[in-house]
2 protein chains.
Amino acid sequence: MNISAVADAAGLPVKTVRYYSDIGLVPAPTRSDSGYRSYDDAAVRKLVFVRRAREFGFSVGECRELLGLYEDRHRSSADVKRIATRRLEEIAEKQRELQSLHDELAHLVEACRGDHRPDCPIIDGLEARRTAAPE
Amino acid sequence: MNISAVADAAGLPVKTVRYYSDIGLVPAPTRSDSGYRSYDDAAVRKLVFVRRAREFGFSVGECRELLGLYEDRHRSSADVKRIATRRLEEIAEKQRELQSLHDELAHLVEACRGDHRPDCPIIDGLEARRTAAPE
DNA sequence: CTTGACCCTCCAGCTACTGGAGACATTAGA
DNA sequence: TCTAATGTCTCCAGTAGCTGGAGGGTCAAG
């Protein structure tokens with residue numbers, strides 16, 4: 001399989017497939033005589049796995065870990081669960097942040113008449129808000 | 001005021017204060033004879049404004065817009081409301097994504113025994129998940 | 001034999017900073 | 001007054017995770 005075929009099969013852009021072997025996230029494919037990358041089904045499975053893990057928000061580093069565990073027939077499910085649970089906590093934390101952000105901003109937006117007049121509670125709120133809540 | 005004083009007052013790192021005038025987000029400060037940046041209270045107010053807007057998740061580009069509106073005594077509150085509302089929609093969208101991500105991953109984590117045995121529903125789920133939900 | 005679709009490598013850029021090197025300025029203490 | 005510590009300057013490079021483009025070689029159809 002050429003790179004565009006495997007990219008289609010894995011649901012990734014060609015550039016990204018190339019990138020993933022450049023950084024060693026997936027093994028470097030064999031090459032044809034003319035230098036074209038040549039992939040097999042195992043490569044597709046790994047790329048799909050990586051794409052899904054990325055969609056779940058796992059970092060490339062975590063994908064590397066997970067891919068190692070994915071390939072290791074002897075690893076315990078506890079190893080995987082540890083990484084996934086950490087990720088779950090990050091998601092929950094992000095959700096809490098977004099919620100407070102949303103509430104504060106929604107409050108300001110509701111207070112703003114949104115007409116032609118210049119006074120605007122949103123601007124005032126940005127100027128004077130007391131607590132920090134980074135995204 | 002020297003840069004570290006203004007950075008403290010604005011709640012930003014020195015590097016970031018420098019950066020913000022490098023990219024023209026805030027006006028370039030005057031300089032002392034020895035070349036030190038010299039800030040006034042207006043600069044602090046703008047930097048605080050930017051910091052708060054960034055904490056709300058507005059991009060630097062949006063901060064630029066908002067800062068323009070902040071300084072424009074003749075702008076209508078509708079202009080501001082438009083930007084804030086867009087941002088609010090982005091936040092809501094992100095929340096929905098995170099929620100479905102959370103639910104899916106939580107489901108996998110719950111299904112995983114997390115013991116020494118190798119079979120793991122999380123890995124299987126990453127391999128086989130049907131729909132994409134990028135963060 | 002030409003045209004167009006692939007493929008290659010390498011370099012640059014994106015966001016929003018952050019860290020560090022090397023050099024000059026200022027200030028507090030002895 | 002000298003010195004050491006801190007503060008500041010500029011410039012370069014790196015972070016994550018790609019993405020776009022230039023400039024070239026390859027391959028298959030007509």
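So you know, we letter chains A, B, ... as the sequences are listed, proteins then strands, and number each from 1. We use all heavy atoms of the structure for the numbers below, so side chains are in, but hydrogens, waters and symmetry mates are not. Since this is a predicted model, take the numbers as computed values, not measurements.
- In this entry the distance linking CD1 of A/Ile23 with C1' of D/dT15 reads 13 Å, nearest Å.
- Residues A/Glu93 and A/Arg96 are paired through a salt bridge, judged by an N-O separation under 4.0 Å between the basic side chain and the carboxylate.
- Rounded to whole angstrom, the span from the CZ atom of B/Phe58 across to the C1' atom of C/dT15 amounts to 17 Å.
- A straight line from NZ of B/Lys15 to P of D/dT10 spans 11 Å, rounded to a whole angstrom.
- Nucleic acid contact class of B/Ser59 (heavy atoms, under 4.0 Å, all strands): sugar-phosphate only.
- Among the protein residues, B/Arg37 comes within range of the sugar-phosphate backbone only, with heavy atoms under 4.0 Å from sugar or phosphate atoms but none that close to a base.
- Rounded to whole Å, the distance from CG on A/Asp22 to P on C/dC11 is 13 Å.
- Distances from the side chain of B/Ser34 to the nucleotides D/dT19, D/dT10, C/dT26 place C/dT26 closest.
- The side chain of B/Pro13 has C/dT18 as its nearest neighbour among D/dC9, C/dT26, C/dT18.
- Where B/Asp33 and A/Val14 each meet DNA chain C at their nearest nucleotide, the meeting point lying more 5' is that of A/Val14.
- Summarising the geometry, atom CG belonging to A/Asp8 is positioned 11.0 Å from atom CD1 belonging to A/Ile3; distances are rounded to the nearest 0.5 Å.
- The nearest heavy atom of DNA chain D to B/Ala5 and to A/Tyr20 marks one nucleotide each, and the one closer to the 5' end goes with B/Ala5.
- Distance, A/Arg18 CZ to D/dG17 C1': 16 Å, rounded to whole Å.
- Relative to the side chain of B/Thr16, the nucleotides C/dT18, D/dG17, C/dC7 differ in distance, and C/dT18 lies closest.
- Closest to the side chain of A/Tyr19, out of D/dC11, C/dA16, D/dT19, is D/dT19.
- Within the structure, a side-chain polar atom (N or O) of B/Arg54 is placed less than 4.0 Å from OP1 or OP2 of C/dC17.
- B/Glu65 pairs with exactly one of B/Arg87, B/Arg75, B/Arg86 by the salt bridge (Lys or Arg N to Asp or Glu O under 4.0 Å) rule, that one being B/Arg86.
- You'll find that the side chain of A/Tyr36 is closest to D/dC27, out of D/dC27, D/dG20, C/dC17.
- A/Ile3 comes within 4.0 angstrom of sugar-phosphate atoms only, judged by non-hydrogen atoms across all strands, and of no base.
- Between A/Ile83 and A/Leu69, some side-chain heavy-atom pair lies under the 4.5 Å cut-off.
- Taken together through direct or relayed side-chain contacts under 4.5 Å among Ile, Leu, Val, Met, Phe, Trp and Tyr, A/Tyr19 and A/Tyr36 form parts of separate hydrophobic clusters.
- Closest to the side chain of B/Arg31, from the set D/dT10, C/dC17, D/dT8, is D/dT10.
- For A/Asn2, counting side-chain heavy atoms from C-beta on, the closest listed nucleotide (C/dC8, C/dA16, C/dC7) is C/dC7.
- Atom CG of A/Leu25 is separated from atom P of D/dA16 by 13 Å (rounded to the nearest Å).
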